[in-house]
Amino acid sequence: MSRKFCVGGNWKMNGDQKSIAEIAKTLSSAALDPNTEVVIGCPAIYLMYARNLLPCELGLAGQNAYKVAKGAFTGEISPAMLKDIGADWVILGHSERRAIFGESDALIAEKAEHALAEGLKVIACIGETLEEREAGKTNEVVARQMCAYAQKIKDWKNVVVAYEPVWAIGTGKTATPDQAQEVHAFLRQWLSDNISKEVSASLRIQYGGSVTAANAKELAKKPDIDGFLVGGASLKPEFVDIINARQ
């Protein structure tokens with residue numbers, strides 16, 4: 001089964017109206033691979049602004065959302081709010097949410113369940129720390145994180161999994177294409193063994209962690225890498241080259 005390449009740009013807590021207008025201009029004028037799905041993860045405060053400037057064929061993602069539709073949750077935003085202002089995706093379970101804000105596997109899975117029920121598509125992030133990798137626990141950690149999602153997600157058609165080795169995010173270190181492929185292949189087998197062969201064949205698994213225009217083409221050649229979740233480079237013109245890595 002051919003899986004459509006999917007590239008997400010996670011701007012994190014970066015950008016202002018001026019820089020977002022420049023990024024939107026770059027993406028609007030570039031020749032983007034029509035066979036690649038592109039999703040932009042924008043800070044919540046700029047989502048409506050970005051939606052009005054970005055090409056309409058690009059998806060727009062919130063970088064987080066809570067597990068209920070509304071209520072007394074100061075500072076949170078809901079999937080319903082994201083949909084209301086034109087977002088169609090949300091990024092959940094990013095390592096920064098897990099490590100800095102203390103979000104548990106269970107909470108992240110509940111968020112994913114609610115976002116999907118509300119009609120958003122989900123980029124579900126997983127990944128191990130440097131300590132976990134050096135201890136040989138990579139497969140154990142990503143399986144645990146996938147297990148939590150699997151307890152809450154019954155229909156995977158609107159889910160993209162993003163494997164992000166935490167030690168490679170923003171550090172300039174990248175998993176080699178072989179290291180990345182090894183974990184992606186493990187995840188593919190895990191899906192086959194624990195969900196279904198159909199989901200294993202169809203679910204897209206992105207790689208994230210210091211992806212640049214320089215390494216994207218090699219990573220994109222690997223059979224189980226179906227796209228990227230890009231951090232810092234998604235704020236730069238080279239993001240176009242990453243989107244076009246399969247061309």
Keeping the roles fixed (side chain from [X], backbone from [Y]), state whether a donor-acceptor pair exists under 3.5 Å.
X    : Y    : value
N215 : T212 : yes
D226 : A220 : no
D193 : W190 : no
S196 : S192 : no
R188 : S200 : yes
E182 : Q179 : no
E118 : P79  : no
S210 : A168 : yes
K4   : N35  : no
E110 : K67  : no

Salt-bridged, [X] to [Y], with N to O below 4.0 Å?
X    : Y    : result
D33  : R246 : no
K18  : D16  : no
K137 : E140 : no

Taking C-beta and beyond as the side chain, do [X] and [Y] meet within less than 4.5 Å on heavy atoms?
X    : Y    : value
L92  : C125 : no
I205 : L191 : yes
F239 : L27  : yes
I77  : Y66  : no
I40  : L54  : yes

To the nearest 0.5 Å, what is the distance between [atom1] ([X]) and [atom2] ([Y])?
X    : Y    : atom1 : atom2 : value
L58  : T36  : CG    : OG1   : 11.0 Å
C6   : K121 : SG    : NZ    : 8.5 Å
Q181 : D224 : CD    : CG    : 4.5 Å

_Step-by-step salt bridge (charged side-chain N to carboxylate O under 4.0 Å, His left out) determination, R98 to E103_ = CA-CA 5 Å; R98 295 174 188 268; E103 293 187 5; over 6 Å; no

Look at atom [atom1] of [X] and say whether more than 12 heavy atoms of other residues, nucleotides or ligands are closer to it than 6.0 Å.
X    : atom1 : answer
E132 : CD    : yes
I45  : CD1   : no
K217 : NZ    : yes
K25  : NZ    : no
K236 : NZ    : no
K70  : NZ    : no

*Ring centres under 6.0 angstrom apart (Y207, F228)*: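 No, ring centres 6.0 Å or more apart.
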
*Check: Q63/H94 side-chain N/O donor and acceptor closer than 3.5 Å*: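 No - no donor-acceptor pair under 3.5 Å links their side chains.
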
_From CA spacing to verdict: side chain to side chain contact (heavy atoms under 4.5 Å, CB included), W89, N158_ = CA-CA 9 Å; W89 289 80; N158 287 323; over 6 Å; no

*Test log, rule side chain to side chain contact (heavy atoms under 4.5 Å, CB included), inputs I153 and L116*: CA-CA 8 Å; I153 298 172; L116 291 165; 3.9 Å; yes

Can you give me the closest heavy-atom contact between [X] and [Y], atom names plus distance?
X    : Y    : result
L203 : W156 : CD1-O, 3.9 Å
V142 : V183 : CG2-CG1, 4.5 Å
E218 : P177 : CB-CG, 4.0 Å

*So Y163 and E128, side chain to side chain contact (heavy atoms under 4.5 Å, CB included) or not? Walk me through it.*
CA-CA 9 Å; Y163 165 62; E128 84 284 15; 2.9 Å; yes

_R144 vs D105, salt bridge (charged side-chain N to carboxylate O under 4.0 Å, His left out): CA-CA, chis, key distance, verdict_ = CA-CA 8 Å; R144 185 197 79 222; D105 293 350; 2.7 Å; yes

